[in-house]
Amino acid sequence: AGKTTLVRMIVGETLPTNVGKCRLWKHHNLRVAYVAQHSFHHVERFVDSSPVVYLQWRFKDAYDREKIESEAFRIGEDEQKLIDDFMLEGIWSRRLRAGKLEYEVKKRNTKEKDNKYYTKDELLAMGFVM
């Protein structure tokens with residue numbers, strides 16, 4: 001019935017095959033991770049360790065290492081060009097202001113005090129994908 005496919009899309013392990021015809025939206029505060037029931041690719045390096053060791057490795061520094069390495073989180077050529085043209089160094093933080101979510105953007109070769117906040121709509125209008 002597609003339960004595994006849906007979970008894999010939610011956690012970012014796979015992308016929809018009908019891109020452009022559908023949209024998968026996740027709340028910005030949603031954090032989801034899972035270990036597949038019949039899959040050793042998650043834990044193959046940790047067979048001789050405890051589950052706690054695996055979880056500590058996977059979520060060290062508050063990041064899901066496996067999610068970051070997944071296909072859905074890879075930056076494509078078009079997006080990399082957009083990042084380079086915008087001189088984006090990183091997204092440093094986010095805040096809720098007047099009911100809108102804003103992202104603090106650090107550009108290359110600029111001082112931290114010159115960081116600017118952009119709404120999600122502004123970033124999407126510039127061509128960034130979230």
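For Asn115 against Glu104, the heavy-atom pair with the smallest separation is ND2-OE2, 2.9 Å. Closest approach of Lys60 and Arg65 over heavy atoms only: CD-NH2, 3.4 Å.
Put simply, the side chain of Lys26 gets close to the backbone of Ile10: a donor and an acceptor are under 3.5 Å apart.
By the criterion of side-chain heavy atoms lying less than 4.5 angstrom apart, applied directly or through intervening Ile, Leu, Val, Met, Phe, Trp or Tyr residues, Tyr103 is not grouped with Trp92; the two fall into different hydrophobic clusters. If you chain together hydrophobic residues whose side chains sit under 4.5 Å apart, Met87 and Leu82 never meet in one group.
In this structure, Phe46 and Trp57 have tilted ring planes: the angle between them lies in the 30° to 60° band.
For the atom pair Asp85 CG and Gln80 CD, the distance stands at 10.0 Å (nearest 0.5 Å). Ser93 OG to Glu102 CD: the interatomic distance, rounded to the nearest 0.5 Å, is 10.0 Å. Note that the CZ atom of Arg8 and the OG1 atom of Thr4 stand 8.5 Å from one another [nearest 0.5 Å]. Summarising the geometry, atom NZ belonging to Lys100 is positioned 13.5 Å from atom CZ belonging to Arg95; distances are rounded to the nearest 0.5 Å. To the nearest 0.5 Å, the span separating OH on Tyr117 from CZ on Arg97 amounts to 9.0 Å. In this structure, CD1 on Ile83 lies 12.5 Å from CD on Glu89, to the nearest 0.5 angstrom.
Taking the six-membered ring for Trp and the full ring otherwise, Tyr118 and Phe128 have centroids separated by 6.0 Å or more.
The number of heavy-atom neighbours closer than 6.0 Å to CG of Asp78, taken from other residues, nucleotides and ligands shown, is 12 or below.
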Please report the C-alpha distance between Ile91 and Val105 in whole Å, then the side-chain angles of each, then the deciding distance to 0.1 Å, and finally whether the side-chain contact (heavy atoms from CB on, under 4.5 Å) criterion is met. CA-CA 5 Å; Ile91 305 291; Val105 173; 3.8 Å; yes
